[in-house]
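Structure, as structure tokens:
Bear in mind that the values here come from a model prediction, so they are computed numbers and not experimental data. Note on naming: letters A, B, ... go to the chains in the order of the sequence lines (proteins, then strands), and numbering restarts at 1 for each one.
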Amino acid sequence: MSRYPKPMARLIEELTRLPGIGPKTAQRLSFFLIGLSKEEAHNLASAIMEAKEKITFCSQCFQLTDADPCAICADQRRDRSIICVVEEPKDVIAIERTREFNGLYHVLHGAISPLEGIGPDQLRIPELMARLGPQVQEVLLATDPNVEGEATAMYLARVIKPLGIRVTRMAHGMPVGSDLEYVDEVTLGKALEGRREL
Amino acid sequence: MRGEGIVLRVRNMGEADRVVTIYTAHYGKIRAVARGARRVRNRLLSPTQVFTHGRYLVFPGKGLHTISQAEIVNSYQEFRDDLEKMAYASYITELLDSFTEEELPSQELFMLLIAAFSLGTHGRFALAARAFEVRLMQELGYAPQLHHCLGCGSAVQENLRFSPEGGVVCPRCAPRYRELLPLSNGTWELMKRLTEWDVSRFGILHPSPVALGELERIMRNYIDFRLDYPLKSLEFLETVKAMPKDGSD
């Protein structure tokens with residue numbers, strides 16, 4: 001690293017902090033950045049600063065937002081009787097891309113993990129419970145279909161059901177475009193279990 | 001490396017990889033990378049889920065090994081569909097992970113894990129957890145002394161107490177020990193069977209809830225005495241046990 005001029009060495013060091021970026025990639029990126037015009041470099045730097053300064057969490061759903069409440073929570077056309085619970089902010093983006101869901105969201109910022117010592121009180125579960133007023137009729141649990149996601153979904157079902165609210169879970173099934181023979185037995189079993197009439 | 005194993009722990013690595021800790025029948029505990037195992041269509045996605053019993057083909061590496069192929073023997077899906085079973089299975093896997101070193105083979109511990117999971121699938125995780133604790137300690141060389149007093153070495157019969165330091169204490173030696181726990185004759189008999197019987201026979205045991213409760217307190221203290229840090233899954237297990245059941249899972 002000492003072979004680089006000091007400011008460039010610092011840039012490489014900072015880039016190495018990014019996820020999935022090793023020293024080699026960081027060096028390549030730094031050469032690219034040095035090659036940018038002053039204006040382009042300034043735009044990149046100001047975009048990072050603007051995102052850092054303006055992005056906060058929505059006080060209702062805890063999605064990333066630049067205005068509180070976020071665009072989804074503020075939209076009066078959205079169905080307020082159903083809340084979709086997800087683990088991470090990027091899950092909201094994924095579901096929004098489908099254009100199939102018109103309700104509200106709640107981002108937990110993680111999942112219950114008995115093996116990592118992450119319990120219900122370390123997630124945004126109390127805030128979710130506080131949102132479950134009389135207008136909420138259904139909570140859709142869209143946590144990941146892995147051990148942590150299932151633990152979170154089962155825990156939430158146990159605490160929400162006694163309130164008389166309908167609790168639903170995202171369906172498990174075969175990926176669109178896949179070959180049946182390559183689908184593993186667990187997924188196939190779940191797909192059979194959740195079969196529906198045509 | 002080729003053979004059967006049970007996944008104890010999974011950690012995400014990089015963009016789409018997983019580091020999987022597997023307890024194998026022939027090599028003991030191993031850690032291996034499953035490349036691309038977080039992608040939806042990857043063949044390693046399902047066999048590298050926690051609690052999965054599978055057949056694995058692993059290429060040895062200098063640090064981490066690499067999983068090349070895997071197929072499921074038993075996914076133990078029921079542990080993922082029931083909060084209490086999941087909490088117990090997490091406790092058992094964390095216990096095994098905490099007490100074992102990598103690549104020290106023990107066929108007995110693998111069979112013990114299978115036996116405990118098998119009891120768990122039949123809804124008998126309270127017995128499975130106690131049996132696993134007692135037998136794990138025994139296999140690792142920490143077997144509690146059950147036939148002779150820890151203090152004077154005399155053969156013990158009744159009015160016993162248990163010391164987390166290592167076994168039963170007779171009434172005469174009891175005043176010399178601190179933190180003694182009550183040990184009824186029923187629990188003492190249960191402990192002896194769990195140390196002496198073949199693991200495949202544990203299913204025919206039907207101890208009373210009182211004996212299981214007493215043994216739970218004894219083994220908790222016994223394990224705490226030997227482990228420097230608290231088990232993370234224990235808090236979750238206690239939370240789940242305290243929750244009212246509503247039949248939703």
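Distance CG/Asp121(A) to CD/Glu235(B): 6.5 Å, rounded to 0.5 Å. For the atom pair CD1 (Ile112(A)) and CG (Leu83(B)), the distance works out to 7.0 Å, reported to the nearest 0.5 Å.
Around the NZ atom of Lys241(B), the shell of radius 6.0 Å holds more than 12 heavy atoms that belong to other residues, nucleotides or ligands. The environment of CZ in Arg31(B) is sparse: at most 12 heavy-atom neighbours from other residues, nucleotides or ligands sit within 6.0 Å. Residue-environment remark: CZ (Arg43(B)) stays at or below the threshold of 12 foreign heavy atoms within 6.0 Å. Atom CD of Glu15(B) is surrounded by 12 or fewer heavy atoms from other residues, nucleotides or ligands within 6.0 Å. In His109(A), the NE2 atom is crowded: over 12 heavy atoms of neighbouring residues, nucleotides or ligands sit closer than 6.0 Å. Counting heavy-atom neighbours within 6.0 Å of Glu179(B) CD, excluding the residue itself, gives a total of 12 or less. Under a cut-off of 6.0 angstrom, the local environment of CZ in Arg80(A) is crowded, with over 12 non-hydrogen atoms contributed by other residues, nucleotides or ligands. Remark: Glu101(B) CD is loosely packed, at most 12 non-hydrogen atoms of other residues, nucleotides or ligands lying under 6.0 Å away.
For residues 45-62 of chain B, a heavy-atom distance under 4.5 Å to chain A picks out Ser46(B), Gln49(B), Val50(B), Phe51(B), given by residue number. Scanning residues 29-59 of chain A against chain B with a 4.5 Å heavy-atom cutoff picks out nothing at all.
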_Using side-chain contact (heavy atoms from CB on, under 4.5 Å), reason through Glu84(B) and Met154(A) one step at a time and then give a plain yes or no._
CA-CA 10 Å; Glu84(B) 201 158 334; Met154(A) 283 189 288; over 6 Å; no

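Summarising the geometry of Met243(B) relative to Val159(A), their closest heavy-atom pair is CE-CG1, 3.8 Å, with the distance given to 0.1 Å. Here the closest heavy-atom approach between residue Gln77(B) and residue Val186(A) is recorded as OE1-CG1, 3.2 Å.
Both the backbone and the side chain of Arg80(B) come within less than 4.5 Å of a heavy atom of chain A.
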Sequence neighbours left out, cut at 3.5 Å: what donor-acceptor pairs do the side chains of residues 188-197 of chain A make with other protein atoms?
{"unit_1": "Arg195(A)", "atom_1": "NH1", "unit_2": "Leu192(A)", "atom_2": "O", "d": "3.1"}

Pairs of donor and acceptor atoms involving the side chains of residues 104-112 of chain B, under 3.5 Å and at least two apart or interchain, shall be tabulated with distances.
{"unit_1": "Ser106(B)", "atom_1": "OG", "unit_2": "Leu109(B)", "atom_2": "N", "d": "3.1"}

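Most heavy-atom pairs under 4.5 Å with chain A: of the set Tyr91(B), Phe236(B), Phe79(B), this distinction falls to Phe236(B). When the candidates Pro145(A), Gly20(A), Ala151(A), Gly119(A) are compared by the number of heavy-atom contacts under 4.5 Å with chain B, Ala151(A) comes out ahead.
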